[in-house]
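Lettering of chains follows the sequences in order, A, B, ..., and the numbering in each one begins at 1.
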Amino acid sequence: MTFSLSIWYATLALELLLLIRALNGAFLRKYAVFYVYVGWVLALSSARLIIYLAEPAYYRAFYWHSQPLSVLVGCGVLWEIYRQALAGYPGAARMARNVLLFSVVMVFSKILVKAWTDSGWRIAETTAELERNMRVVQAILLIALVLILAQYAIPLGRNLKGMILGYGFFIGTSVINLTFRLFLGDSFQKWWQYLQPIFYLAVLSVWCWALWSYQAAPLPATEPKIEEDYQLLATRTRKSLLFIRAYLGRAIRS
Amino acid sequence: MTEAWPFLAVGLLLTVLVFFLIRRSIASAQDYAESPKGQDLSAALPPESFPRELAARLFGSQDWEFIAKQRSERLKRLFLQQRTALALSWLGGVRANATKLIRVHSVAARTNSRLEPLVEVRVVVDFLFVQVLCQILALIIWLRGPVNLSRFIRYADDLSNQLYEVTMRTQSRPAQ
(Lines give C-alpha, C1' and ligand atoms only; values in the text may rest on other atoms or scores of the structure.)
Protein backbone atom coordinates (compact mmCIF):
# COMPACT_ATOMS: atom_id res chain seq x y z
CA MET A 1 0.00 0.00 0.00
CA THR A 2 2.95 2.31 0.64
CA PHE A 3 3.81 2.15 -3.06
CA SER A 4 0.21 3.06 -4.08
CA LEU A 5 0.16 5.91 -1.59
CA SER A 6 3.47 7.30 -2.80
CA ILE A 7 2.15 7.31 -6.39
CA TRP A 8 -1.00 9.01 -5.14
CA TYR A 9 1.02 11.75 -3.41
CA ALA A 10 3.17 12.12 -6.51
CA THR A 11 0.11 12.62 -8.76
CA LEU A 12 -1.26 15.25 -6.37
CA ALA A 13 2.10 17.03 -6.38
CA LEU A 14 2.26 17.01 -10.19
CA GLU A 15 -1.32 18.32 -10.52
CA LEU A 16 -0.46 21.11 -8.13
CA LEU A 17 2.77 21.80 -10.03
CA LEU A 18 0.83 22.03 -13.31
CA LEU A 19 -1.48 24.67 -11.85
CA ILE A 20 1.38 26.62 -10.24
CA ARG A 21 3.37 26.67 -13.49
CA ALA A 22 0.32 27.92 -15.41
CA LEU A 23 -0.32 30.63 -12.80
CA ASN A 24 3.32 31.73 -12.74
CA GLY A 25 3.59 31.71 -16.53
CA ALA A 26 0.24 33.56 -16.83
CA PHE A 27 -1.18 31.04 -19.28
CA LEU A 28 -3.85 29.53 -17.05
CA ARG A 29 -6.54 31.48 -18.90
CA LYS A 30 -5.21 30.44 -22.31
CA TYR A 31 -6.14 26.85 -21.54
CA ALA A 32 -8.88 27.63 -19.02
CA VAL A 33 -10.99 24.52 -19.67
CA PHE A 34 -7.99 22.20 -19.42
CA TYR A 35 -6.93 23.73 -16.10
CA VAL A 36 -10.49 23.52 -14.76
CA TYR A 37 -10.18 19.77 -15.40
CA VAL A 38 -6.78 19.59 -13.67
CA GLY A 39 -8.15 21.62 -10.72
CA TRP A 40 -11.20 19.37 -10.50
CA VAL A 41 -9.06 16.20 -10.50
CA LEU A 42 -6.77 17.69 -7.85
CA ALA A 43 -9.72 18.57 -5.59
CA LEU A 44 -11.37 15.19 -6.11
CA SER A 45 -8.15 13.23 -5.56
CA SER A 46 -7.48 15.18 -2.36
CA ALA A 47 -10.99 14.46 -1.10
CA ARG A 48 -10.56 10.78 -1.97
CA LEU A 49 -7.23 10.65 -0.15
CA ILE A 50 -8.75 12.17 2.99
CA ILE A 51 -11.58 9.64 2.91
CA TYR A 52 -9.15 6.82 2.23
CA LEU A 53 -7.01 7.75 5.23
CA ALA A 54 -9.84 8.68 7.59
CA GLU A 55 -12.69 6.30 6.65
CA PRO A 56 -11.36 3.57 4.31
CA ALA A 57 -14.73 1.77 4.39
CA TYR A 58 -16.38 4.60 2.45
CA TYR A 59 -13.60 5.02 -0.06
CA ARG A 60 -14.77 2.49 -2.68
CA ALA A 61 -18.32 3.83 -2.77
CA PHE A 62 -17.11 7.42 -2.94
CA TYR A 63 -14.67 6.58 -5.75
CA TRP A 64 -17.23 4.92 -8.01
CA HIS A 65 -19.96 7.47 -7.33
CA SER A 66 -17.72 10.44 -8.10
CA GLN A 67 -16.03 8.87 -11.15
CA PRO A 68 -18.79 9.40 -13.80
CA LEU A 69 -18.82 13.13 -13.05
CA SER A 70 -15.04 13.17 -13.40
CA VAL A 71 -15.35 11.54 -16.85
CA LEU A 72 -17.88 14.21 -17.87
CA VAL A 73 -15.52 17.00 -16.76
CA GLY A 74 -12.84 15.23 -18.84
CA CYS A 75 -14.88 16.02 -21.99
CA GLY A 76 -13.64 19.57 -21.41
CA VAL A 77 -10.13 18.45 -22.39
CA LEU A 78 -11.48 17.24 -25.74
CA TRP A 79 -13.19 20.59 -26.22
CA GLU A 80 -9.96 22.41 -25.36
CA ILE A 81 -7.95 20.36 -27.88
CA TYR A 82 -10.55 21.02 -30.61
CA ARG A 83 -10.75 24.75 -29.78
CA GLN A 84 -7.00 25.34 -29.57
CA ALA A 85 -5.86 23.20 -32.50
CA LEU A 86 -8.41 24.35 -35.06
CA ALA A 87 -8.82 28.01 -34.06
CA GLY A 88 -6.97 29.32 -37.12
CA TYR A 89 -8.27 26.70 -39.55
CA PRO A 90 -11.96 27.26 -40.30
CA GLY A 91 -12.01 24.64 -43.06
CA ALA A 92 -10.53 21.87 -40.94
CA ALA A 93 -12.72 22.98 -38.00
CA ARG A 94 -15.82 22.64 -40.18
CA MET A 95 -14.75 19.15 -41.22
CA ALA A 96 -14.03 18.23 -37.58
CA ARG A 97 -17.47 19.46 -36.44
CA ASN A 98 -19.17 17.29 -39.05
CA VAL A 99 -17.05 14.22 -38.32
CA LEU A 100 -17.53 14.58 -34.54
CA LEU A 101 -21.28 15.10 -34.95
CA PHE A 102 -21.43 12.05 -37.22
CA SER A 103 -19.51 9.99 -34.63
CA VAL A 104 -21.83 11.11 -31.81
CA VAL A 105 -24.94 10.34 -33.89
CA MET A 106 -23.55 6.88 -34.79
CA VAL A 107 -22.69 6.03 -31.18
CA PHE A 108 -26.07 7.14 -29.82
CA SER A 109 -27.96 5.47 -32.67
CA LYS A 110 -26.25 2.21 -31.76
CA ILE A 111 -27.21 2.68 -28.10
CA LEU A 112 -30.84 3.49 -29.03
CA VAL A 113 -31.13 0.52 -31.38
CA LYS A 114 -29.68 -1.77 -28.71
CA ALA A 115 -32.07 -0.36 -26.07
CA TRP A 116 -35.04 -0.73 -28.44
CA THR A 117 -34.34 -4.31 -29.53
CA ASP A 118 -33.03 -5.74 -26.26
CA SER A 119 -35.69 -5.42 -23.52
CA GLY A 120 -33.32 -6.36 -20.71
CA TRP A 121 -30.61 -3.96 -21.85
CA ARG A 122 -29.22 -1.30 -19.51
CA ILE A 123 -26.63 1.35 -20.28
CA ALA A 124 -24.32 -0.28 -17.74
CA GLU A 125 -24.55 -2.96 -15.06
CA THR A 126 -21.92 -1.34 -12.85
CA THR A 127 -20.30 2.08 -12.45
CA ALA A 128 -17.08 0.63 -13.87
CA GLU A 129 -18.96 -0.40 -17.00
CA LEU A 130 -20.57 3.05 -17.22
CA GLU A 131 -17.13 4.65 -16.95
CA ARG A 132 -15.72 2.27 -19.58
CA ASN A 133 -18.58 3.08 -21.96
CA MET A 134 -18.17 6.83 -21.43
CA ARG A 135 -14.42 6.52 -21.98
CA VAL A 136 -15.04 4.60 -25.22
CA VAL A 137 -17.23 7.46 -26.51
CA GLN A 138 -14.43 9.90 -25.61
CA ALA A 139 -11.91 7.63 -27.30
CA ILE A 140 -13.96 7.52 -30.53
CA LEU A 141 -14.26 11.33 -30.55
CA LEU A 142 -10.55 11.75 -29.87
CA ILE A 143 -9.67 9.26 -32.65
CA ALA A 144 -11.83 11.28 -35.07
CA LEU A 145 -10.18 14.52 -33.97
CA VAL A 146 -6.66 13.08 -34.24
CA LEU A 147 -7.40 11.82 -37.77
CA ILE A 148 -8.59 15.29 -38.82
CA LEU A 149 -5.47 16.89 -37.34
CA ALA A 150 -3.30 14.38 -39.21
CA GLN A 151 -5.18 14.71 -42.51
CA TYR A 152 -4.90 18.53 -42.54
CA ALA A 153 -1.36 18.49 -41.08
CA ILE A 154 -2.40 21.02 -38.43
CA PRO A 155 0.78 22.31 -36.76
CA LEU A 156 0.62 21.80 -33.01
CA GLY A 157 2.62 23.67 -30.41
CA ARG A 158 4.34 21.82 -27.57
CA ASN A 159 1.45 22.54 -25.17
CA LEU A 160 -1.16 21.05 -27.46
CA LYS A 161 1.00 18.08 -28.44
CA GLY A 162 1.42 17.22 -24.76
CA MET A 163 -2.29 17.67 -24.08
CA ILE A 164 -3.22 15.28 -26.92
CA LEU A 165 -0.50 12.74 -26.14
CA GLY A 166 -1.32 12.73 -22.42
CA TYR A 167 -5.09 12.62 -22.70
CA GLY A 168 -5.02 10.13 -25.59
CA PHE A 169 -2.75 7.82 -23.63
CA PHE A 170 -4.90 8.25 -20.53
CA ILE A 171 -8.18 7.45 -22.32
CA GLY A 172 -6.63 4.58 -24.29
CA THR A 173 -5.13 2.89 -21.23
CA SER A 174 -8.28 3.55 -19.17
CA VAL A 175 -10.44 1.77 -21.76
CA ILE A 176 -8.02 -1.19 -21.83
CA ASN A 177 -7.71 -1.36 -18.02
CA LEU A 178 -11.45 -1.03 -17.40
CA THR A 179 -12.20 -3.69 -20.03
CA PHE A 180 -9.78 -6.14 -18.38
CA ARG A 181 -11.22 -5.29 -14.97
CA LEU A 182 -14.78 -5.93 -16.14
CA PHE A 183 -13.96 -9.19 -17.86
CA LEU A 184 -11.40 -10.62 -15.42
CA GLY A 185 -13.13 -9.36 -12.27
CA ASP A 186 -11.39 -9.36 -8.91
CA SER A 187 -8.34 -11.23 -10.24
CA PHE A 188 -7.44 -8.04 -12.12
CA GLN A 189 -8.12 -5.75 -9.13
CA LYS A 190 -4.55 -6.27 -7.82
CA TRP A 191 -3.13 -5.09 -11.14
CA TRP A 192 -5.74 -2.35 -11.53
CA GLN A 193 -4.80 -0.58 -8.31
CA TYR A 194 -1.19 -0.25 -9.52
CA LEU A 195 -1.58 0.11 -13.29
CA GLN A 196 -4.18 2.89 -13.30
CA PRO A 197 -2.21 5.28 -11.00
CA ILE A 198 1.10 4.48 -12.78
CA PHE A 199 -0.40 5.32 -16.18
CA TYR A 200 -1.94 8.49 -14.75
CA LEU A 201 1.42 9.45 -13.26
CA ALA A 202 2.97 9.02 -16.73
CA VAL A 203 0.23 11.25 -18.20
CA LEU A 204 0.87 13.96 -15.61
CA SER A 205 4.61 13.77 -16.32
CA VAL A 206 3.93 14.34 -20.03
CA TRP A 207 1.64 17.27 -19.21
CA CYS A 208 4.24 18.79 -16.85
CA TRP A 209 6.90 18.57 -19.56
CA ALA A 210 4.61 19.94 -22.29
CA LEU A 211 2.97 22.68 -20.23
CA TRP A 212 6.04 23.82 -18.30
CA SER A 213 5.90 27.09 -20.23
CA TYR A 214 3.53 28.65 -22.75
CA GLN A 215 4.07 27.57 -26.33
CA ALA A 216 0.96 28.03 -28.44
CA ALA A 217 0.20 26.28 -31.70
CA PRO A 218 1.60 28.23 -34.66
CA LEU A 219 -1.03 30.36 -36.41
CA PRO A 220 -1.46 30.12 -40.18
CA ALA A 221 -0.52 33.77 -40.70
CA THR A 222 1.78 33.08 -43.67
CA GLU A 223 -0.46 30.38 -45.11
CA PRO A 224 -0.68 30.69 -48.88
CA LYS A 225 -4.00 32.23 -49.92
CA ILE A 226 -4.31 29.92 -52.89
CA GLU A 227 -7.40 28.42 -54.43
CA GLU A 228 -9.82 30.84 -52.73
CA ASP A 229 -12.75 29.06 -54.34
CA TYR A 230 -13.12 25.75 -52.53
CA GLN A 231 -15.19 24.12 -55.27
CA LEU A 232 -12.51 24.97 -57.82
CA LEU A 233 -9.80 23.59 -55.56
CA ALA A 234 -11.68 20.33 -54.96
CA THR A 235 -12.47 19.90 -58.67
CA ARG A 236 -8.83 20.46 -59.61
CA THR A 237 -7.60 18.00 -56.98
CA ARG A 238 -10.08 15.33 -58.10
CA LYS A 239 -9.17 15.88 -61.75
CA SER A 240 -5.47 15.55 -60.92
CA LEU A 241 -6.12 12.33 -59.02
CA LEU A 242 -8.14 10.96 -61.94
CA PHE A 243 -5.26 11.94 -64.24
CA ILE A 244 -2.84 9.96 -62.04
CA ARG A 245 -5.14 6.92 -62.21
CA ALA A 246 -5.38 7.19 -65.98
CA TYR A 247 -1.60 7.68 -66.25
CA LEU A 248 -1.00 4.50 -64.23
CA GLY A 249 -3.34 2.50 -66.45
CA ARG A 250 -1.96 3.90 -69.72
CA ALA A 251 1.67 3.43 -68.69
CA ILE A 252 1.32 -0.19 -67.74
CA ARG A 253 -0.94 -1.19 -70.66
CA SER A 254 1.60 0.15 -73.13
CA MET B 1 -13.92 -12.46 -23.61
CA THR B 2 -14.72 -11.97 -27.34
CA GLU B 3 -17.02 -9.09 -26.32
CA ALA B 4 -13.96 -7.35 -24.90
CA TRP B 5 -12.05 -7.21 -28.20
CA PRO B 6 -13.77 -4.15 -29.71
CA PHE B 7 -13.12 -2.16 -26.52
CA LEU B 8 -9.51 -3.27 -26.35
CA ALA B 9 -9.11 -2.41 -30.04
CA VAL B 10 -10.48 1.13 -29.49
CA GLY B 11 -8.15 1.67 -26.54
CA LEU B 12 -5.14 0.35 -28.41
CA LEU B 13 -5.99 2.26 -31.59
CA LEU B 14 -6.20 5.55 -29.70
CA THR B 15 -2.93 4.93 -27.87
CA VAL B 16 -1.10 4.12 -31.12
CA LEU B 17 -2.74 7.00 -33.01
CA VAL B 18 -1.69 9.72 -30.58
CA PHE B 19 1.93 8.56 -30.73
CA PHE B 20 1.69 8.44 -34.53
CA LEU B 21 0.21 11.96 -34.63
CA ILE B 22 3.00 13.42 -32.51
CA ARG B 23 5.68 11.74 -34.69
CA ARG B 24 3.92 12.81 -37.88
CA SER B 25 3.36 16.35 -36.68
CA ILE B 26 7.11 16.73 -36.10
CA ALA B 27 7.89 15.28 -39.56
CA SER B 28 5.18 17.23 -41.40
CA ALA B 29 6.23 20.50 -39.76
CA GLN B 30 9.64 19.96 -41.37
CA ASP B 31 8.06 18.99 -44.72
CA TYR B 32 5.86 22.06 -44.83
CA ALA B 33 8.71 24.30 -43.76
CA GLU B 34 10.67 23.03 -46.76
CA SER B 35 7.79 23.35 -49.25
CA PRO B 36 7.63 26.65 -51.16
CA LYS B 37 5.00 29.09 -49.95
CA GLY B 38 2.18 29.91 -52.30
CA GLN B 39 2.48 26.61 -54.11
CA ASP B 40 -0.67 25.67 -56.03
CA LEU B 41 -1.86 22.38 -57.48
CA SER B 42 -0.39 22.83 -60.95
CA ALA B 43 2.99 23.87 -59.49
CA ALA B 44 2.91 20.88 -57.15
CA LEU B 45 2.58 18.46 -60.05
CA PRO B 46 4.25 19.76 -63.22
CA PRO B 47 3.76 17.65 -66.41
CA GLU B 48 7.35 16.37 -66.20
CA SER B 49 6.34 14.48 -63.05
CA PHE B 50 4.61 11.99 -65.34
CA PRO B 51 7.06 11.02 -68.10
CA ARG B 52 5.11 8.93 -70.61
CA GLU B 53 8.08 7.62 -72.56
CA LEU B 54 9.82 6.31 -69.47
CA ALA B 55 6.72 4.44 -68.33
CA ALA B 56 6.08 3.05 -71.83
CA ARG B 57 9.64 1.76 -72.07
CA LEU B 58 9.62 0.38 -68.56
CA PHE B 59 6.53 -1.76 -69.08
CA GLY B 60 6.89 -2.37 -72.81
CA SER B 61 8.12 -5.66 -74.28
CA GLN B 62 10.74 -4.11 -76.60
CA ASP B 63 13.76 -4.45 -74.27
CA TRP B 64 12.61 -7.82 -72.97
CA GLU B 65 12.34 -9.23 -76.50
CA PHE B 66 15.90 -8.12 -77.19
CA ILE B 67 17.21 -9.74 -73.98
CA ALA B 68 15.21 -12.91 -74.62
CA LYS B 69 16.96 -13.32 -77.96
CA GLN B 70 20.36 -13.48 -76.20
CA ARG B 71 19.54 -16.96 -74.85
CA SER B 72 21.28 -16.31 -71.54
CA GLU B 73 19.30 -17.29 -68.43
CA ARG B 74 21.57 -15.20 -66.19
CA LEU B 75 21.00 -12.11 -68.32
CA LYS B 76 17.25 -12.66 -68.37
CA ARG B 77 17.14 -13.05 -64.59
CA LEU B 78 19.27 -9.96 -64.06
CA PHE B 79 17.15 -7.93 -66.49
CA LEU B 80 13.90 -8.93 -64.74
CA GLN B 81 15.36 -8.15 -61.31
CA GLN B 82 16.49 -4.69 -62.35
CA ARG B 83 13.28 -3.97 -64.26
CA THR B 84 11.22 -4.94 -61.23
CA ALA B 85 13.25 -2.61 -59.01
CA LEU B 86 12.88 0.21 -61.54
CA ALA B 87 9.13 -0.36 -61.94
CA LEU B 88 8.59 -0.35 -58.18
CA SER B 89 10.63 2.83 -57.89
CA TRP B 90 8.52 4.45 -60.67
CA LEU B 91 5.36 3.39 -58.85
CA GLY B 92 6.72 4.86 -55.63
CA GLY B 93 7.22 8.14 -57.49
CA VAL B 94 3.60 8.15 -58.67
CA ARG B 95 2.40 7.48 -55.11
CA ALA B 96 4.61 10.27 -53.80
CA ASN B 97 3.09 12.65 -56.37
CA ALA B 98 -0.44 11.72 -55.29
CA THR B 99 0.55 12.31 -51.65
CA LYS B 100 2.08 15.67 -52.55
CA LEU B 101 -1.13 16.62 -54.34
CA ILE B 102 -3.35 15.77 -51.38
CA ARG B 103 -1.01 17.69 -49.05
CA VAL B 104 -1.23 20.82 -51.16
CA HIS B 105 -5.00 20.38 -51.28
CA SER B 106 -5.21 19.94 -47.49
CA VAL B 107 -3.08 23.02 -46.81
CA ALA B 108 -5.35 25.11 -49.02
CA ALA B 109 -8.60 23.58 -47.77
CA ARG B 110 -7.86 23.72 -44.03
CA THR B 111 -8.15 27.52 -43.91
CA ASN B 112 -11.06 27.74 -46.34
CA SER B 113 -14.28 28.45 -44.48
CA ARG B 114 -16.30 27.32 -47.50
CA LEU B 115 -14.99 23.75 -47.24
CA GLU B 116 -17.72 21.18 -47.93
CA PRO B 117 -17.30 18.01 -45.84
CA LEU B 118 -18.99 15.73 -48.40
CA VAL B 119 -16.79 16.98 -51.24
CA GLU B 120 -13.80 16.58 -48.97
CA VAL B 121 -14.75 12.96 -48.30
CA ARG B 122 -14.87 12.36 -52.09
CA VAL B 123 -11.38 13.85 -52.49
CA VAL B 124 -10.08 11.51 -49.78
CA VAL B 125 -11.85 8.53 -51.42
CA ASP B 126 -10.25 9.42 -54.79
CA PHE B 127 -6.85 9.63 -53.11
CA LEU B 128 -7.31 6.32 -51.33
CA PHE B 129 -8.22 4.63 -54.62
CA VAL B 130 -4.99 5.82 -56.19
CA GLN B 131 -3.14 4.44 -53.18
CA VAL B 132 -4.98 1.10 -53.34
CA LEU B 133 -4.36 0.84 -57.10
CA CYS B 134 -0.65 1.51 -56.54
CA GLN B 135 -0.52 -1.18 -53.85
CA ILE B 136 -2.22 -3.75 -56.11
CA LEU B 137 0.13 -2.87 -58.98
CA ALA B 138 3.17 -3.08 -56.71
CA LEU B 139 2.09 -6.54 -55.60
CA ILE B 140 1.57 -7.70 -59.20
CA ILE B 141 4.93 -6.25 -60.32
CA TRP B 142 6.67 -7.83 -57.33
CA LEU B 143 5.10 -11.22 -58.06
CA ARG B 144 5.28 -11.27 -61.87
CA GLY B 145 7.79 -8.64 -62.90
CA PRO B 146 6.92 -5.58 -65.02
CA VAL B 147 7.00 -7.20 -68.47
CA ASN B 148 3.73 -8.14 -70.27
CA LEU B 149 1.45 -7.07 -67.49
CA SER B 150 -1.49 -5.88 -69.58
CA ARG B 151 -3.87 -8.73 -68.65
CA PHE B 152 -3.21 -8.44 -64.92
CA ILE B 153 -3.28 -4.67 -65.01
CA ARG B 154 -6.63 -4.66 -66.78
CA TYR B 155 -7.95 -6.93 -64.03
CA ALA B 156 -6.55 -4.68 -61.25
CA ASP B 157 -7.86 -1.57 -62.98
CA ASP B 158 -11.33 -3.07 -63.49
CA LEU B 159 -11.40 -4.17 -59.87
CA SER B 160 -10.48 -0.73 -58.57
CA ASN B 161 -12.98 0.89 -60.97
CA GLN B 162 -15.77 -1.33 -59.69
CA LEU B 163 -14.83 -0.52 -56.10
CA TYR B 164 -14.72 3.16 -56.94
CA GLU B 165 -18.14 3.13 -58.60
CA VAL B 166 -19.73 1.25 -55.69
CA THR B 167 -18.26 3.75 -53.21
CA MET B 168 -19.38 6.75 -55.24
CA ARG B 169 -22.89 5.30 -55.64
CA THR B 170 -23.24 5.12 -51.86
CA GLN B 171 -22.83 8.88 -51.65
CA SER B 172 -25.94 10.92 -52.26
CA ARG B 173 -24.68 13.72 -54.49
CA PRO B 174 -23.31 13.02 -57.94
CA ALA B 175 -19.56 13.26 -58.45
CA GLN B 176 -18.32 16.40 -60.15
Side-chain angles (χ1 to χ4, degrees), chain A residues 88-92 94-95 98-99 132 136 139-140 142-143 146-147 149-156 161 164-165 168-169 171-176 179-180 182-183 220 222-224 226-231 233-238 240-245 247-254, chain B residues 1 4 7-8 10-15 17-19 21-22 24-25 28-29 32 37-41 45 50 52 55-56 58-60 94 97-98 101-103 105-117 119-120 122-124 126-127 129-130 133-134 137 149-150 153-154 157 176:
Chain A
Y89 303 93
R94 193 170 182 189
M95 188 71 188
N98 281 274
V99 171
R132 197 271 316 271
V136 167
I140 290 169
L142 194 53
I143 287 171
V146 164
L147 288 175
L149 296 177
Q151 166 66 19
Y152 291 97
I154 304 293
L156 306 164
K161 264 184 214 167
I164 295 171
L165 183 63
F169 183 69
I171 299 292
T173 52
S174 293
V175 169
I176 294 170
T179 305
F180 275 126
L182 285 165
F183 281 90
T222 55
E223 203 89 312
I226 56 166
E227 313 287 4
E228 292 282 350
D229 184 349
Y230 174 75
Q231 284 295 344
L233 168 76
T235 308
R236 280 186 186 172
T237 307
R238 295 193 69 198
S240 302
L241 287 168
L242 276 173
F243 169 78
I244 294 176
R245 279 184 63 196
Y247 171 71
L248 275 170
R250 259 201 317 270
I252 298 174
R253 275 199 196 97
S254 56
Chain B
M1 190 67 192
F7 298 106
L8 294 175
V10 169
L12 201 65
L13 177 68
L14 178 62
T15 313
L17 261 180
V18 289
F19 281 105
L21 174 78
I22 300 307
R24 187 186 153 126
S25 106
S28 66
Y32 283 106
K37 297 283 177 202
Q39 192 181 52
D40 63 10
L41 292 176
L45 290 181
F50 303 98
R52 268 194 201 182
L58 203 54
F59 293 96
V94 176
N97 279 330
L101 180 76
I102 205 76
R103 275 187 179 179
H105 170 89
S106 297
V107 167
R110 67 186 180 180
T111 50
N112 197 317
S113 56
R114 280 168 290 181
L115 177 144
E116 288 181 25
V119 177
E120 205 59 10
R122 288 196 190 113
V123 171
V124 173
D126 284 346
F127 170 69
F129 271 99
V130 170
L133 185 61
C134 285
L137 292 179
L149 280 180
S150 353
I153 297 309
R154 206 171 300 131
D157 206 21
Q176 291 187 25

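Put simply, CG on A/L233 and CZ on B/R114 are 11.0 Å apart, with the number rounded to the nearest 0.5 Å. Taken to the nearest 0.5 Å, the CZ atom of B/F127 stands 9.0 Å off from the CD1 atom of A/I244. Note: B/R103 CZ to A/Q151 CD = 10.5 Å, rounded to the nearest 0.5 Å. Interatomic distance, A/L248 CG to B/F59 CZ, rounded to the nearest 0.5 Å: 8.5 Å. Taken from OG1 in B/T111 to OH in A/Y89, the straight-line distance is 8.5 Å, to the nearest 0.5 Å. For the atom pair CG (A/L165) and OG1 (B/T15), the distance works out to 10.0 Å, reported to the nearest 0.5 Å.
Here the closest heavy-atom approach between residue A/F169 and residue B/V18 is recorded as N-CG2, 4.1 Å. Considering all non-hydrogen atoms of both residues, B/V130 and A/L241 come closest at CG2-O, 3.7 Å. Heavy-atom minimum distance, A/Y152 versus B/R110: O-NH1, 3.0 Å. The two atoms that bring B/G11 and A/I176 nearest to each other are C-CD1, 3.8 Å, heavy atoms only. Listed here is the closest heavy atom pair of B/P117 and A/N98: CG-ND2, 3.3 Å.
Sparse packing is recorded around CZ of A/F180, with 12 or fewer heavy atoms of other residues, nucleotides or ligands lying under 6.0 Å away.
Taking 4.5 Å as the limit, every side-chain heavy atom of B/L14 sits out of range of all side-chain heavy atoms of A/V175. In this structure, B/L101 and A/F243 have side chains that are not in contact, with every pair of non-hydrogen atoms separated by 4.5 Å or more. The side-chain heavy atoms of B/N112 and A/R94, taken from C-beta on, include no pair separated by under 4.5 Å. Within the 4.5 Å cutoff, no side-chain heavy atoms of A/R236 are placed close to those of B/H105.
Of the atoms belonging to A/L182, not a single heavy atom falls under 4.5 Å from chain B.
Remark: A/F183 pairs with A/R132, A/T179, B/M1, B/E3, B/A4 by the side-chain contact (heavy atoms from CB on, under 4.5 Å) rule, at least two apart or across chains. With sequence neighbours excluded, the residues that form a side-chain contact (heavy atoms from CB on, under 4.5 Å) with B/L13 are A/I143, B/L17.
Checked by atom type and distance alone, the side chain of A/R238 never pairs as donor or acceptor with a backbone atom of B/D126 at under 3.5 Å.
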